[in-house]
Amino acid sequence: PPRSTLFPYTTLFRSIFVQLQYISFPKTGGGDITNIVQALGDAVKRGVDVRIIVSEFQKGINTEHLADFGLDTHLKIMEGVHNKGIVVDTAKVLVSSENWSEQGVSVNRDAGLIIDNADIAAFFEKIFMEDWNTRSHFPESKLPSGSTIKKSARPKKKTSQKNTKT
């Protein structure tokens with residue numbers, strides 16, 4: 001069965017923190033990736049704390065499509081993300097090679113490991129929350145279809161200034 005059949009269990013969760021390189025929907029609509037994203041959107045409607053961080057390679061059209069599932073305000077962009085992982089309820093972690101695209105979730109041969117250990121989950125959640133709070137930003141609103149987040153849209157890094165007293 002498709003891997004998306006695991007997502008009905010989102011009814012049991014209090015928090016789902018997802019960090020991926022990108023989320024990409026098929027041009028024809030539907031598919032396993034749509035079912036997975038719909039499950040996250042349904043979780044938001046039930047009051048689950050859903051947060052998603054993707055890389056700067058997230059395309060604007062896919063970001064806009066996340067609004068259809070109520071996830072646009074639960075998404076942040078972070079430069080340099082390449083990992084694929086999920087932390088659930090500070091109790092379980094999924095570390096995976098799977099990209100969230102139709103090809104990635106339904107056809108490709110990928111590997112993932114679910115770690116059912118609260119200490120390890122807390123470690124990954126701490127990193128996720130640091131990324132969420134200090135290293136990522138909400139996407140620009142109304143990105144043109146098909147565009148990507150440009151460097152100018154990202155927050156500037158703080159630079160230290162030397163004391164120049166003479």
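On a predicted model such as this, the values are computed, not experimentally measured, just so you know. When reading the values below, keep in mind they use all heavy atoms of this one structure, side chains included, and skip hydrogens, waters and symmetry mates.
For Thr34 against Pro26, the heavy-atom pair with the smallest separation is OG1-CD, 4.2 Å. Shortest non-hydrogen contact noted between Val81 and Asn83 is CG1-OD1, 3.4 Å.
In this structure, Asp89 contributes its side chain and Phe13 its backbone to no donor-acceptor pair below 3.5 Å. At least one donor-acceptor pair under 3.5 Å links the side chain of Ser97 to the backbone N or O of Ala111. In this structure, Lys59 contributes its side chain and Phe57 its backbone to no donor-acceptor pair below 3.5 Å. With hydrogens and angles disregarded, no donor-acceptor distance shorter than 3.5 Å links the side chain of Glu56 to the backbone of Ile77. Between the side chain of Lys76 and the backbone N or O of Trp132 there is at least one donor-acceptor pair closer than 3.5 Å. The backbone N or O of Val88 lies less than 3.5 Å from no partner atom in the side chain of Ser15, so there is not a single donor-acceptor pair. Of the possible donor and acceptor atoms, none in the side chain of Ser96 sits under 3.5 Å from a partner among the backbone N and O of Gly112.
By the 4.5 Å heavy-atom criterion applied to side chains, Phe25 and Ile61 are not counted as neighbours. At least one side-chain heavy atom of Ile23 sits under 4.5 Å from a side-chain heavy atom of Gln58. Side-chain contact between Val54 and Thr63 is absent, with no heavy-atom pair separated by less than 4.5 Å.
Atom CG of Asp49 is separated from atom CD1 of Ile16 by 9.0 Å, given to the nearest 0.5 angstrom. Interatomic distance, CD1 of Ile114 versus NZ of Lys92, reported as 8.5 Å (0.5 Å rounding). In this structure, the separation between CG on Asp72 and CD on Glu64 is 10.0 Å, given to the nearest 0.5 Å. If you take CH2 on Trp100 and CD1 on Ile86, they are separated by 4.5 Å, rounding to the nearest 0.5 Å. The distance from the OG1 atom of Thr90 to the CE atom of Met129 is 9.5 Å, given to the nearest 0.5 Å. Rounding to the nearest 0.5 angstrom, the gap separating the CG atom in Leu75 from the CG atom in Leu40 is 11.5 Å.
With sequence neighbours excluded, the residues that form a side chain to side chain contact (heavy atoms under 4.5 Å, CB included) with Asp131 are Gln19, Ile53, Met78, Ile127, Arg135.
Connection of Tyr22 to Phe128 is not established within any shared hydrophobic cluster, with ILVMFWY side chains joined at heavy-atom distances below 4.5 Å, either directly or through further cluster members.
A donor-acceptor contact closer than 3.5 angstrom is absent between the side chains of His65 and Asn62.
More than 12 heavy atoms of other residues, nucleotides or ligands lie within 6.0 Å of CZ in Phe69, so this atom counts as buried by the packing criterion.
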